[in-house]
Amino acid sequence: MGKGTAWRIWSGAGACAAALAGLLAAAASSAEDPPERTPAAAAEECGPGAERRTGPGTVRDSHGISPAEAAEYERMLREARVPHRGDGPVTVPVALHVITAADGTGDVSDDKVREQIDVMNRGFGGGYAGVDTGFRFELREVTRTGDDAWFGSFEANEAKAKAELRRGGPETLNIYTVDMGAGVLGQSTFPQDYRTDPKADGVVVDYRTVPGGGRKGFDLGHTATHETGHWLGLFHTFQNGCSHPGDYVEDTPYEREQSSGCPVGRDTCADKPGTDPVRNFMNYSDDPCLREFTQGQADRMGDHWHAFRGRQGNPAR
C-alpha cells in the first residue's frame, strides 16, 4: 500500500513499551458504529504514559515513539538483520505464569491456559483469516503464584515478579496473567529491548482477556495474540497515522487512528489506498472483529525473530 519497508519500535519505559490500548467504553456501543476520538483529544484527556486499552470515560494516552526513536530502532534492526531462512514454522516455547490474589481471584485453569495457546496458534496460523505467519506456540510450563500485591499492582512489583518467574532466554515467550485494572488489557516488550533488559522481556495480559475470561468484548484471547505480535516486533496498524511510513508494513493500509468496535469500511486516510485494517490483530478493535495478520507482518516478525531471538539459540527448533 505504498509504505516503506523499514521497521520501527515503540520505545516506552521497559516492559510498558507498546502496551495494548483502546476504548472499552466502545464495547457497549454498536460494533458497526463505535464512538471515536482523535489522538489529540486522547492526549488532552489522558496525558503521558504507556499505551493501553482503558476503561469507560478515558481513552488511550499520548505516549508513543518519536521519529528519532523509530529511526534508532530501525538502525538496530538493519545492523542485526540476518537472512530469513524460510525453513518452515518457528516453534516458540511458552511459559505462562498465572498470578492470582491470595484468595484465588484471577485463577486461570489449565484448560483455559491451553485454550489461550490454541487461540494464538490459530491466529498466527491463519486459521481465522489472513496468512499463516509461520509461528507456532508450544506450552512448556505453567507456574502459579498467589500474591495480592503482584496480582493487583503488577506494574509496581513487575521487576521482582519477573525476576522470580521468568523462564528461558530471548526465544521463550513468557506470559503473565494478572489484574490490570478496570480498563487495561495488556502490554509487551519488544525484541530490541532484550539485550539491555532481558529480565523485563515478555507479555502481560489481564486474566479476564483469556478465552471466556469475562471481559466484555475482549475475552476471546486476542489480547495475547496482539501483545505477542509486539513481542515479535510488530507495531499498531495506525502507527504514524496517514503519514509515511505508517506502521512500516507494506501491505497494511494507512490508518489515522485506532479503531474501536468493528467499523468495517472505515477510511480515515482517504488519500491513501485501501480502507482501515480494522480486522488486523494489531489494531484496537473488539475481539470478535480481529482475525488476521498480513504477509508483510509475517515477514517482519520473521526478520525480528532471526535478528533478535532465534539466532541466540532456540531449543524448540
Side-chain angles (χ1 to χ4, degrees), residues 1-10 18 20-23 26 30-42 51 59-60 64-71 73-74 77-78 81 84 86 123-135 190 222 225-226 228-230 232-304:
M1 294 299 175
K3 294 182 182 177
T5 57
W7 279 84
R8 66 143 228 184
I9 284 294
W10 293 93
L20 178 61
L23 298 173
S30 167
E32 296 298 324
D33 188 23
E36 295 174 5
R37 298 178 187 174
T38 65
E51 291 210 78
V59 296
R60 78 173 174 89
I65 191 170
S66 71
E69 290 170 319
Y73 275 109
E74 166 64 7
L77 179 65
R78 288 184 177 276
R81 183 171 294 160
H84 193 158
F124 280 86
Y128 297 101
V131 305
D132 181 347
T133 68
F135 284 92
F190 282 85
H222 295 330
T225 300
H226 176 110
T228 300
H230 287 315
L232 289 168
L234 292 185
F235 297 89
H236 298 131
T237 54
F238 49 85
Q239 174 59 38
N240 287 322
C242 301
S243 300
H244 179 79
D247 65 350
Y248 292 81
V249 177
E250 183 70 24
D251 58 1
T252 57
Y254 285 87
E255 183 179 28
R256 185 175 301 281
E257 58 195 28
Q258 72 268 24
S259 62
S260 59
C262 193
V264 174
R266 189 181 77 160
D267 189 1
T268 56
C269 297
D271 61 335
K272 306 287 187 181
T275 57
D276 295 354
V278 300
R279 293 192 180 277
N280 194 283
F281 284 118
M282 301 313 295
N283 214 323
Y284 288 171
S285 302
D286 292 359
D287 273 15
C289 188
L290 300 177
R291 67 184 188 186
E292 63 193 19
F293 290 110
T294 68
Q295 186 60 54
Q297 289 174 317
D299 292 342
R300 296 290 190 260
M301 287 188 283
D303 285 348
H304 275 83

Measuring from [X]:[atom1] to [Y]:[atom2], what's the distance to the nearest 0.5 Å?
X: T228; Y: H222; atom1: OG1; atom2: NE2; value: 12.5 Å
X: F190; Y: L234; atom1: CZ; atom2: CG; value: 8.0 Å
X: T225; Y: R291; atom1: OG1; atom2: CZ; value: 15.0 Å
X: M282; Y: E255; atom1: CE; atom2: CD; value: 12.0 Å
X: N280; Y: S259; atom1: CG; atom2: OG; value: 9.5 Å
X: T268; Y: F238; atom1: OG1; atom2: CZ; value: 10.5 Å

Do [X] and [Y] have side-chain heavy atoms sitting under 4.5 Å apart?
X: N283; Y: Q258; value: yes
X: E292; Y: Q297; value: no
X: S285; Y: L290; value: yes
X: P245; Y: N240; value: yes

Going by the rule side-chain hydrogen bond (donor to acceptor under 3.5 Å, both in side chains), which residues pair with Q295 if we only count those two or more places apart in sequence or in a different chain? D299
Partners passing side-chain hydrogen bond (donor to acceptor under 3.5 Å, both in side chains) against D132 (at least two apart in sequence or in another chain):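 side-chain hydrogen bond (donor to acceptor under 3.5 Å, both in side chains) list for D132, sorted by chain: R136.
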Ignoring hydrogens, what is the shortest heavy-atom contact between P253 and P273? Give both atom names and the distance. CB-O, 3.7 Å
Just by modelled atom types, is the P288 backbone N or O under 3.5 Å from a matching donor or acceptor in the D286 side chain? no
Residue from T133, T237, D251 passing side chain to side chain donor-acceptor pair (under 3.5 Å) with T294: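 Exactly one pass, corresponding to D251.
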Chi angles and distances behind the side-chain hydrogen bond (donor to acceptor under 3.5 Å, both in side chains) call for H226, H230: CA-CA 7 Å; H226 176 110; H230 287 315; 3.1 Å; yes
Can you list every pair that meets disulfide (SG to SG under 2.5 Å) and has a residue in residues 232-261, with sequence neighbours left out?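 Only C242-C269 qualify under disulfide (SG to SG under 2.5 Å).
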Mind checking whether F281 and Y128 have parallel, tilted or perpendicular rings, split at 30° and 60°?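 Perpendicular: the ring planes of F281 and Y128 meet at over 60°.
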